[in-house]
Amino acid sequence: MEKKDKKSDPPQMSPYIFTILLIGFGLWCFWDGWLTNNPDMVEHATFNKVLSVVLLPWGAYDFFKIKKRQKIKKQSED
């Protein structure tokens with residue numbers, strides 16, 4: 001008897017992983033830079049402010065870029 005070996009595809013990673021990481025780290029930096037009253041974080045406030053201003057728009061841009069790419073891919077499959 002022959003054994004039929006069906007190879008399953010490896011699990012696919014969500015295309016939004018990088019976006020989630022960007023937004024999550026951006027929110028963390030936003031909290032540490034703009035909202036926290038922790039005196040230990042004053043030393044790093046400027047770094048966190050700049051990083052939040054960079055990461056949050058980058059995450060939003062990446063989100064809409066991926067959403068548009070998935071919409072085009074879905075339309076091409078139909």
Side-chain angles (χ1 to χ4, degrees):
M1 274 196 240
E2 287 183 33
K3 241 185 191 182
K4 291 186 180 181
D5 292 329
K6 278 192 173 181
K7 291 189 177 182
S8 62
D9 293 334
Q12 296 294 321
M13 186 172 79
S14 172
Y16 291 104
I17 292 295
F18 184 67
T19 305
I20 291 168
L21 290 172
L22 282 173
I23 292 173
F25 191 57
L27 288 172
W28 180 36
C29 290
F30 182 82
W31 174 262
D32 276 349
W34 299 96
L35 302 176
T36 190
N37 292 330
N38 187 349
D40 296 334
M41 294 310 296
V42 172
E43 180 180 337
H44 309 288
T46 304
F47 174 77
N48 287 326
K49 287 178 182 179
V50 170
L51 217 56
S52 70
V53 168
V54 171
L55 292 178
L56 289 174
W58 185 10
Y61 167 76
D62 196 52
F63 174 79
F64 289 112
K65 182 178 71 169
I66 290 172
K67 190 173 180 178
K68 182 179 178 182
R69 189 182 309 149
Q70 284 188 331
K71 183 178 179 183
I72 291 170
K73 184 179 177 182
K74 185 178 180 183
Q75 287 176 350
S76 68
E77 289 175 355
D78 291 339

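Remember, it's a predicted structure, so these values are computed and weren't measured experimentally. Numbers for residues simply follow the sequence, beginning at 1.
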Trainee: Ile20 and Phe63: same hydrophobic cluster, using ILVMFWY side-chain contacts below 4.5 Å?
Mentor: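 Linked within one cluster.
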Trainee: Can you give me the closest heavy-atom contact between Lys67 and Tyr16, atom names plus distance?
Mentor: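 The pair with the smallest heavy-atom distance is CA-OH, 3.6 Å.
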Trainee: Does Glu43 CD have over 12 foreign heavy atoms under 6.0 Å away?
Mentor: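 Open: at most 12 neighbouring heavy atoms sit under 6.0 Å from CD of Glu43.
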Trainee: Say you draw a straight line from NE2 of His44 to CG of Asn38; how long is it, rounded to the nearest 0.5 Å?
Mentor: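 Reported value, rounded in 0.5 Å steps: 9.5 Å.
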Trainee: Taking all non-hydrogen atoms of both residues, which atom of Gly26 and which atom of Ser52 are closest, and how far apart?
Mentor: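 Smallest heavy-atom distance, with atoms named: O-CB, 3.6 Å.
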Trainee: Looking at every non-hydrogen atom in both residues, tell me the closest pair between Ile23 and Leu56 and how far apart they are.
Mentor: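 The answer is O-CD2, 3.8 Å.
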Trainee: Any idea which heavy atoms bring Gln70 and Pro15 closest together, and the distance?
Mentor: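 That would be NE2-CG, 3.1 Å.
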Trainee: I need the Glu77 CD to Lys73 NZ distance, nearest 0.5 Å.
Mentor: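 Taking CD in Glu77 and NZ in Lys73, the distance rounds to 6.0 Å.
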Trainee: Taking ring pair (Phe, Tyr, Trp, His ring centres under 6.0 Å) as the test, write out the residues that go with Phe18, two or more places apart.
Mentor: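 Trp58.
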Trainee: Rounded to the nearest 0.5 Å, what separation is found between the CH2 atom of Trp28 and the CG atom of Asn48?
Mentor: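 Reported to 0.5 Å precision, the distance equals 7.5 Å.
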Trainee: Looking at every heavy atom in both Thr19 and Gly59, which two are closest together, and how far apart are they?
Mentor: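 So the two residues come closest at CG2-O, 3.4 Å.
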Trainee: Which value, rounded to the nearest 0.5 Å, describes the distance between Leu27 atom CG and Trp31 atom CH2?
Mentor: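 Between Leu27 CG and Trp31 CH2, I get 11.5 Å after rounding to 0.5 Å.
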Trainee: For the atom pair CG (Asp32) and CZ (Phe47), what is the distance rounded to the nearest 0.5 Å?
Mentor: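 Those atoms lie 10.5 Å apart.
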